[in-house]
Number of protein chains: 2
Amino acid sequence: MTRLATDNLALIKSATLSEDLAQQLSNAIVQGHLAQGSKISEAELAKQYGVSRGPLREAIVKLEGLGLVTRTANVGARVIELNLKDMLDTFTMREALEGMAARLAAETMTQNEVTRLYALLDQHQSHLDNNQDEQYMQQGGNDDFHLRIIHASQNTKLIRLLTEELYAIIRMYRRHTSDQRSDPRQALREHRAILDAIANHEGDLAELLMRRHISRASQLLKQAMEKTGLASH
Amino acid sequence: MTRLATDNLALIKSATLSEDLAQQLSNAIVQGHLAQGSKISEAELAKQYGVSRGPLREAIVKLEGLGLVTRTANVGARVIELNLKDMLDTFTMREALEGMAARLAAETMTQNEVTRLYALLDQHQSHLDNNQDEQYMQQGGNDDFHLRIIHASQNTKLIRLLTEELYAIIRMYRRHTSDQRSDPRQALREHRAILDAIANHEGDLAELLMRRHISRASQLLKQAMEKTGLASH
DNA sequence: TCAAGTAATATTGTCGACAATTTTAAGATT
DNA sequence: AATCTTAAAATTGTCGACAATATTACTTGA
């Protein structure tokens with residue numbers, strides 16, 4: 001097997017080139033190495049990754065399906081452009097879907113899993129108290145809790161849509177606006193309230209609280225975007 | 001009924017072969033010309049449609065993104081298999097998303113559009129009273145109302161997901177179970193109640209009623225599937 | 001007869017070349 | 001100088017061929 005590709009590609013090593021490329025490009029977009037709105041040149045990227053245009057095109061089509069790029073016939077693909085309306089639309093969908101996930105979790109989550117989630121929140125609490133690793137809490141920590149709830153829904157399609165599509169885009173918005181204005185302690189309080197509702201099997205309440213929680217996050221992001229000037233579009 | 005493949009292709013004529021193929025294949029799957037679970041042979045289909053494997057593969061990748069086929073590396077693509085769990089998962093998502101759409105519609109729908117929707121329901125009513133065109137009411141008519149609500153949400157991402165992905169799969173389930181047990185008069189009553197809530201700008205109520213409406217449809221489909229024996233999987 | 005191994009076949013994955021279209025550059029006309 | 005034409009270049013779309021992998025058919029040995 002030839003290892004002529006760039007170092008990046010050698011690390012992943014999946015069954016097919018096109019899968020690897022899709023993963024690579026997705027990461028590059030979410031992490032901002034491919035800027036929003038920038039053109040995706042097939043020839044250029046193919047040379048860069050050391051592959052032919054065939055699998056690269058397949059990867060691009062996949063990314064279009066994930067909503068990370070837009071394609072126009074005979075013109076090409078571009079990374080999506082971030083704007084306020086799309087962000088709000090995305091969060092509205094997230095609100096509906098993750099609210100439903102919280103409801104389902106409240107109906108089916110086992111006592112064992114509930115206990116483990118409380119432990120996770122305690123861990124977040126101590127992180128905050130010790131003022132350590134603040135960046136983790138801001139981003140990964142928050143997502144950890146949400147992802148656990150989402151998976152607890154046991155709804156395969158819901159899980160896939162939220163984790164593989166929406167969260168990628170949400171992370172783009174968060175990174176791009178360098179969203180520092182969220183209050184992690186407030187978020188943690190809301191997480192506890194949601195988990196309490198789930199532990200008590202109160203589906204209605206869990207959904208309501210999850211929705212409010214996400215709606216607040218959306219409003220904060222909106223303010224951040226308006227100050228960043230990204231709201232124009 | 002089944003026209004020769006090449007003729008169909010000539011009729012559509014989009015900018016790119018791969019787009020046409022994706023459309024053709026999507027229709028073939030939803031209408032059952034490609035049976036659930038059946039293998040999608042690249043060589044065979046390419047010959048059948050008179051194109052090379054390149055654009056055909058692109059179309060297949062698109063269909064995978066739409067959730068109509070599943071692909072495994074080095075093995076190939078198959079039309080998705082219908083089963084009870086996936087149906088229920090899909091309808092749960094639909095419940096969350098279309099409930100949200102009804103809420104949004106209640107907030108923003110203009111008086112003009114409300115009037116037009118009442119007219120549509122009156123039309124459905126007379127169709128039922130005259131016992132004509134029952135098939136239309138059963139399928140297209142019902143969808144007409146839902147699609148209008150969905151578009152009224154003005155949430156681009158919500159609209160795309162529901163109309164381009166979920167509804168295709170929902171139609172597959174309906175067709176496959178030859179879902180005759182739904183009561184169109186009951187459905188029409190529920191549509192009226194939903195529209196009343198929207199007309200009064202009662203978002204909470206509109207969402208609640210839409211959810212119940214979809215939940216009922218889901219339960220009916222479930223019963224139909226259990227009698228059809230499709231529930232086994 | 002069955003199982004395991006192996007060769008033959010078929011199918012998918014990848015590549016490079018050509019065709020069609022768009023974008024850029026240059027030139028002509030006013 | 002600005003605008004419209006036209007030619008050149010670059011980019012995407014499509015094709016056929018080959019490589020890699022999976023599936024089938026066959027053989028062998030117990």
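In what follows, every heavy atom counts, from backbone to side chain, and hydrogens, waters and symmetry copies are set aside.
Listed nucleotides: C:dC15, D:dA22, D:dT11. Nearest to the side chain of A:Pro55: C:dC15. Candidate nucleotides D:dA22, C:dT14, D:dG13 were compared by shortest atom distance to the side chain of B:Thr16, and D:dG13 ranks first. The nucleotide whose nearest atom lies closest to any side-chain atom of B:Val51 is, among D:dT14, D:dC15, C:dT14, D:dC15. Here the side chain of A:Glu42 is nearest to one of D:dG13, C:dT14, C:dT12, namely D:dG13. Considering only the side chain of A:Asn74, D:dG13 comes nearest among D:dG13, D:dT12, D:dT21. For B:Ser52, the side-chain atoms get nearest to D:dT14 when compared with the rest of D:dT11, D:dT14, C:dG13.
Rounded to an integer number of Å, the gap from CG of A:Asp20 to C1' of C:dG13 is 13 Å. In this structure, CZ of B:Arg57 is placed 15 Å from P of D:dC15, rounded to the nearest angstrom. If you take CD1 of A:Ile60 and C1' of D:dG13, they are 13 Å apart, rounded to a whole angstrom. The CD-C1' distance, from A:Glu58 to C:dC15, rounds to 13 Å in whole Å. Note: CZ (A:Arg78) to C1' (D:dT11) measures 13 Å, nearest angstrom. As a whole-Å value, the separation of B:Leu56 CG from C:dT14 C1' is 16 Å. When rounded to the nearest whole Å, the span between CD of A:Glu64 and P of D:dT12 equals 14 Å. Between the CZ atom of A:Arg71 and the C1' atom of C:dT21 there is a distance of 15 Å, rounded to whole Å.
Contacts of A:Gly76 with the nucleic acid, taken as non-hydrogen atoms under 4.0 Å apart, involve only primed sugar atoms and P, OP1 or OP2.
When the side-chain nitrogen and oxygen atoms of A:Lys39 are compared with OP1 and OP2 of C:dT22, none of them lie within a distance under 4.0 Å. At C:dT11, none of the side-chain N or O atoms of B:Lys47 fall inside 4.0 Å of OP1 or OP2 (strictly under the cut-off).
Along DNA chain C, the nucleotide nearest to A:Arg53 and the one nearest to A:Ala15 differ in position, and the one closer to the 5' end is contacted by A:Ala15. Mapping B:Val75 and A:Val75 onto DNA chain D via the closest heavy atom, the residue that lands nearer the 5' end is A:Val75.
Listed for the A:Tyr173 side chain is a donor-acceptor partner under 3.5 Å among the backbone atoms of A:Asn83. The closest donor-acceptor contact from the side chain of B:Asp89 to the backbone of A:Asn155 lies at 3.5 Å or more, if one exists at all.
In this structure, the separation between CD on B:Glu165 and CG on B:Leu66 is 5.5 Å, given to the nearest 0.5 Å.
Using the six-membered ring where Trp is involved, B:His146 and B:His213 have ring planes that are parallel, under 30° apart on the 30 and 60° scheme.
A:Ser26 approaches A:Leu63 most closely through the heavy-atom pair CB-CD2, 4.0 Å.
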